[in-house]
Peer 1: 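A single structure is presented below for examination.
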Amino acid sequence: LSASLSPHTSQPPPPPPQPPVQNDTVFSLTSQMLSKLQQESLDHKRCLLETQKLKDDLKRRVHDEKFARRIADMPEELWEDWGDFFERPFGEGCSRELCWDETDSEIDSVDGVSDNEYDFRIYFKGLISEEKVKDKASNYAGIGVAICDFRDNLILEITKPLVGVGLSKQAAELKALIEGLNAALSLELDRIEFCCDYYPIYQYITRRWPPKQRKISMLVNQVLLLQRKFTDCRPILMARNDIKYAFKLAREAIVSQVTQPVEQNESKSVKETCVICLEDTDSGSMFSVDGCMHRYCFSCMKQHVEVKLLHGTVPKCPHEGCKSELTVDSCRKFLTPKMIETLKQRTKEASIPVTERVYCPYPRCSTLMSRSEALEYSKDALVRAERSGARKCLKCHALFCINCKVPWHSDMTCQDYKRKNPLPPVEDLKLKSLASMNLWRQCVKCNHIIELSEGCYHMTCRCGYEFCYNCGAEWKNKKATCSCPLWEEDLIWTENRDTDEEEMDEDSDYDDGWFVF
């Protein structure tokens with residue numbers, strides 16, 4: 001202000017505009033990205049160059065092998081006449097092969113002759129293994145692929161880890177096969193055979209068994225599409241010992257993950273694979289079973305729990321052989337309030353022995369309680385309740401007879417009541433008539449009525465009692481005590497049934513087709 005008011009002070013010229021400040025961080029990031037792109041481009045070119053070299057070397061080896069076989073199969077007389085002139089330089093007329101006619105001893109140039117032998121073989125293996133890293137057990141997956149010529153000389157080997165938690169054995173095997181087929185296509189191989197040592201995969205590929213799971217079906221369809229791109233491509237079933245080299249490669253892929261674990265960025269969402277539906281799901285949408293810590297997606301757990309509750313059993317961990325029970329609090333994440341109440345009911349039923357279970361006889365109540373609970377609750381309200389058999393419901397507070405299982409008959413003993421009412425209730429008579437008409441069976445242990453829908457006559461009730469459906473005799477130690485046949489053909493065989501016998505556990509209840517009322 002003072003400078004502007006002073007008449008003798010000259011205004012200094014404005015300073016020149018400053019150049020914009022450059023952000024060193026931006027330049028650094030840009031240079032890093034450019035160098036990374038350049039390196040990726042160079043790596044891609046080198047990969048294409050190495051692949052082309054491998055293709056050329058492979059074609060030369062195939063040419064030499066076929067030419068050697070021609071010479072080995074040539075008769076001695078023909079070799080003496082034409083051996084000095086018999087040649088086939090590599091790269092000249094490779095699409096045409098030389099053959100001879102033994103009758104006139106002449107060599108003709110004809111179109112390619114088909115060979116009975118397949119030119120190449122693919123050995124593949126997908127492994128799932130539980131490994132301990134820092135005293136923590138985790139599942140790791142890896143694949144191994146070996147491509148060989150008809151003499152089993154190694155041409156290409158692939159070892160690759162499979163990223164993701166919970167991959168199934170079938171999915172790992174199919175992904176290994178897909179990796180091998182893609183590698184064979186990149187090498188421009190025309191006639192191949194791939195060797196399976198896992199019987200279900202062989203049945204899927206040959207379309208004898210339809211896969212049940214959607215993701216397995218998608219992987220099988222991908223294999224079938226890749227097969228069409230070859231001139232000839234077929235699967236063969238082999239013993240596991242015959243593909244031990246591919247097994248070794250898959251094992252190396254798993255070991256590499258254990259010794260050098262991949263560091264994951266915590267800010268990114270981690271994907272896990274549900275072993276039931278084989279879908280990749282965010283870790284936050286996975287359910288962890290208390291106790292065993294097996295993990296499944298919410299959708300599969302919801303279906304699993306609902307089916308078990310429908311069958312009248314307490315749901316447990318879906319993992320094969322795991323006996324960890326699901327708690328009501330943990331299942332609130334994916335169950336509806338109605339299903340939560342059903343789960344509470346099933347859990348309470350399981351906690352009470354069959355001989356101790358008592359249901360309120362009033363149709364609008366039907367509350368489950370144990371004999372001891374009903375007795376303790378009735379002692380305060382009823383005199384001599386233990387002798388008389390009178391009990392009070394825990395929920396509706398109505399009186400009932402625990403011996404006759406009917407509403408309380410006042411001024412009448414149990415013997416008098418049974419004498420005046422010799423027949424069971426009308427509802428029970430209707431149910432027994434319906435069961436007799438449909439040839440249903442009643443479990444002698446828990447009195448539940450069971451219907452055989454399909455399968456053998458060996459029945460396992462939800463209470464654990466095992467018996468013969470045909471005559472009702474008990475099964476002991478997984479053996480029948482009667483002479484009835486084990487099954488009927490009409491109940492065993494149905495069209496388009498998937499009988500994956502290799503994966504069925506002998507202790508599972510796949511043979512017990514039953515419904516409980």
Peer 1: I'd like to know if the side chain of Ser186 reaches the main chain of Ala183, judged simply by a donor and an acceptor atom lying under 3.5 Å from each other, with no hydrogens or angles considered.
Peer 2: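 Here the side-chain-to-backbone pair exists.
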Peer 1: Without swapping roles, check the side chain of Glu356 against the backbone of Pro353 for a donor-acceptor pair under 3.5 Å.
Peer 2: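 Such a contact is absent between Glu356 side chain and Pro353 backbone.
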Peer 1: In Å, rounded to the nearest 0.5 Å, how long is the span from CD of Glu173 to OG of Ser168?
Peer 2: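 Answer for the CD-OG pair, Glu173 versus Ser168, is 10.0 Å.
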Peer 1: Donor-acceptor pair, distance only, cut-off 3.5 Å: does the side chain of Arg357 make one with the backbone of Ile352?
Peer 2: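 Flag set: sc Arg357 to bb Ile352 pair under 3.5 Å.
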Peer 1: Under a 4.5 Å cut-off applied to non-hydrogen side-chain atoms, are Val305 and Phe334 in contact?
Peer 2: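 Contact flag for Val305/Phe334 side chains = yes.
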Peer 1: Identify the two heavy atoms, one from Arg295 and one from Ser288, that lie closest to each other, and give their separation to 0.1 Å.
Peer 2: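 Minimum heavy-atom separation between Arg295 and Ser288: NH1-CB, 3.7 Å.
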Peer 1: Look at Glu306 together with Lys302 and state whether they make a salt bridge at an N to O cut-off of under 4.0 Å.
Peer 2: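 Lys302 and Glu306: salt-bridged.
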Peer 1: Rounded to the nearest 0.5 Å, what separation is found between the CD1 atom of Ile402 and the CG atom of Leu375?
Peer 2: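 Taking CD1 in Ile402 and CG in Leu375, the distance rounds to 7.5 Å.
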Peer 1: If only atom types and distance count, is the side chain of Thr313 paired as donor or acceptor with the main-chain N or O of Lys308 below 3.5 Å?
Peer 2: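 Judged by distance alone, yes, a pair lies under 3.5 Å.
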Peer 1: Hey, does Leu181 have a side-chain heavy atom less than 4.5 Å from the side chain of Ile192?
Peer 2: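 SC-SC contact between Ile192 and Leu181 confirmed.
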Peer 1: Answer whether the closest heavy-atom distance between the side chains of Leu326 and Met301 falls below 4.5 Å.
Peer 2: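 They are in contact (side-chain heavy atoms under 4.5 Å apart), so the answer is yes.
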Peer 1: Check whether Ser436 reaches the backbone of Ser433 with its side chain - one donor and one acceptor, N or O, closer than 3.5 Å.
Peer 2: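 Absent.
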Peer 1: Where do Ala171 and Ile216 come nearest, in terms of heavy atoms and distance?
Peer 2: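 What the structure gives for the nearest pair is N-CD1, 3.7 Å.
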Peer 1: If you take all heavy atoms of Phe230 and Leu189, which pair is closest and at what distance?
Peer 2: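 So the two residues come closest at CD2-O, 3.2 Å.
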Peer 1: Judged by atom type as modelled, is there a donor-acceptor pair below 3.5 Å linking the side chain of Thr347 to the main-chain atoms of Leu343?
Peer 2: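 Pair found, side chain donor or acceptor close to backbone of Leu343.
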Peer 1: Under a 3.5 Å distance rule, please check whether Thr367 uses its side chain to pair with a backbone N or O of Cys360 as donor and acceptor.
Peer 2: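 It does not hold such a pair.
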Peer 1: Please name the pair of heavy atoms, one in Pro361 and one in Pro407, separated by the smallest distance, quoted to 0.1 Å.
Peer 2: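 Residues Pro361 and Pro407, closest heavy atoms: CG-N, 3.8 Å.
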Peer 1: Decide, yes or no, whether a salt bridge links Glu157 with Lys125 under the criterion of side-chain N to carboxylate O below 4.0 Å.
Peer 2: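 Looking at Glu157 and Lys125, the cut-off is not met.
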Peer 1: Begin from the C-alpha positions of Asp197 and Met238 and carry the test side-chain contact (heavy atoms from CB on, under 4.5 Å) through to its verdict.
Peer 2: CA-CA 5 Å; Asp197 74 316; Met238 303 185 74; 5.5 Å; no
Peer 1: Would you say the side chain of His304 lies within less than 4.5 Å of the side chain of Tyr296, judging by non-hydrogen atoms?
Peer 2: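 No - every pair of side-chain heavy atoms lies 4.5 Å or more apart.
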Peer 1: Glu466 side chain to His458 main-chain N or O, any donor-acceptor pair under 3.5 Å?
Peer 2: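 Pair absent, no side-chain N/O of Glu466 close to backbone of His458.
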Peer 1: Hey, what do you get for CD (Glu451) to CE (Met459), rounding to the nearest 0.5 Å?
Peer 2: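 It is 9.0 Å, given to the nearest 0.5 Å.
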Peer 1: Which value, rounded to the nearest 0.5 Å, describes the distance between Leu185 atom CG and Lys229 atom NZ?
Peer 2: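 The NZ atom of Lys229 is 6.0 Å from CG of Leu185, to the nearest 0.5 Å.
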Peer 1: Indicate the ring-plane relationship of Tyr204 and Trp209, choosing parallel, tilted or perpendicular according to the 30° and 60° boundaries.
Peer 2: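 Ring orientation, 0 to 90° scale: perpendicular.
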Peer 1: Should the pair Tyr457 and Tyr469 be assigned to parallel (<30°), tilted (30 to 60°) or perpendicular (>60°) ring geometry?
Peer 2: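 The rings of Tyr457 and Tyr469 lie parallel, inter-plane angle below 30°.
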Peer 1: Quick one: do Glu193 and Arg234 make a salt bridge, cutoff under 4.0 Å?
Peer 2: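 Salt bridge: yes.
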Peer 1: Given side-chain contact (heavy atoms from CB on, under 4.5 Å), test Cys277 with Ser299 step by step and report yes or no.
Peer 2: CA-CA 9 Å; Cys277 64; Ser299 177; over 6 Å; no
Peer 1: Evaluate the side-chain proximity of Cys393 to Tyr362: yes if any heavy-atom separation is below 4.5 Å, no if none is.
Peer 2: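 Side-chain contact under 4.5 Å: no.
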Peer 1: Taking it one step at a time, do Tyr199 and Leu237 satisfy side-chain contact (heavy atoms from CB on, under 4.5 Å)?
Peer 2: CA-CA 7 Å; Tyr199 187 67; Leu237 189 61; 3.7 Å; yes
Peer 1: Verify the ring-centre separation between Tyr245 and Tyr123: is it less than 6.0 angstrom?
Peer 2: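 No, ring centres 6.0 Å or more apart.
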Peer 1: Does Phe287 CZ have over 12 foreign heavy atoms under 6.0 Å away?
Peer 2: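 More than 12 heavy atoms, drawn from other residues, nucleotides or ligands, come within 6.0 Å of this atom.
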Peer 1: Side-chain contact test, heavy atoms from C-beta onward, threshold under 4.5 Å: evaluate it for Ile450 versus Tyr465 and give yes or no.
Peer 2: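 No, their side chains stay 4.5 Å or more apart.
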Peer 1: Would you find a donor on one side and an acceptor on the other, under 3.5 Å apart, between the side chain of Ser351 and the backbone of Lys348?
Peer 2: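 At least one qualifying donor-acceptor pair exists.
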Peer 1: If every non-hydrogen atom of Pro235 is compared with every non-hydrogen atom of Ile205, which pair is closest and at what distance?
Peer 2: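 Minimum heavy-atom separation between Pro235 and Ile205: CG-CG2, 4.0 Å.
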Peer 1: Determine, for Lys344 against Glu341, whether the closest basic-nitrogen to carboxylate-oxygen distance falls under 4.0 angstrom.
Peer 2: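 Counted as a salt bridge, because a side-chain N and a carboxylate O are separated by less than 4.0 Å.
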Peer 1: Hey, mind stepping through Tyr202 and Arg208 against side-chain contact (heavy atoms from CB on, under 4.5 Å) and telling me if it holds?
Peer 2: CA-CA 9 Å; Tyr202 179 77; Arg208 296 173 184 171; 3.7 Å; yes
Peer 1: Would you give the length of the straight line joining atom NZ of Lys215 to atom CD of Gln170, rounded to the nearest 0.5 angstrom?
Peer 2: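 If we round to the nearest 0.5 Å, Lys215:NZ and Gln170:CD are 13.5 Å apart.
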Peer 1: What distance do Lys392 atom NZ and Phe400 atom CZ have between them, rounded to the nearest 0.5 Å?
Peer 2: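 Reported to 0.5 Å precision, the distance equals 11.5 Å.
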Peer 1: So Pro318 and His294, do their side chains get closer than 4.5 Å, heavy atoms only?
Peer 2: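 His294 does not reach Pro318 side chain to side chain.
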Peer 1: Mind running side-chain hydrogen bond (donor to acceptor under 3.5 Å, both in side chains) on Tyr377 and Glu373 for me, showing each step along the way?
Peer 2: CA-CA 6 Å; Tyr377 187 72; Glu373 284 179 336; over 6 Å; no
Peer 1: Closest heavy-atom contact between Gly180 and Val145?
Peer 2: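 So the minimum-distance heavy-atom pair works out to CA-CG1, 3.6 Å.
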Peer 1: For the residue pair Ser129 and Arg251, establish whether any side-chain heavy-atom pair is separated by less than 4.5 Å.
Peer 2: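 Heavy-atom side-chain distance check passes, below 4.5 Å.
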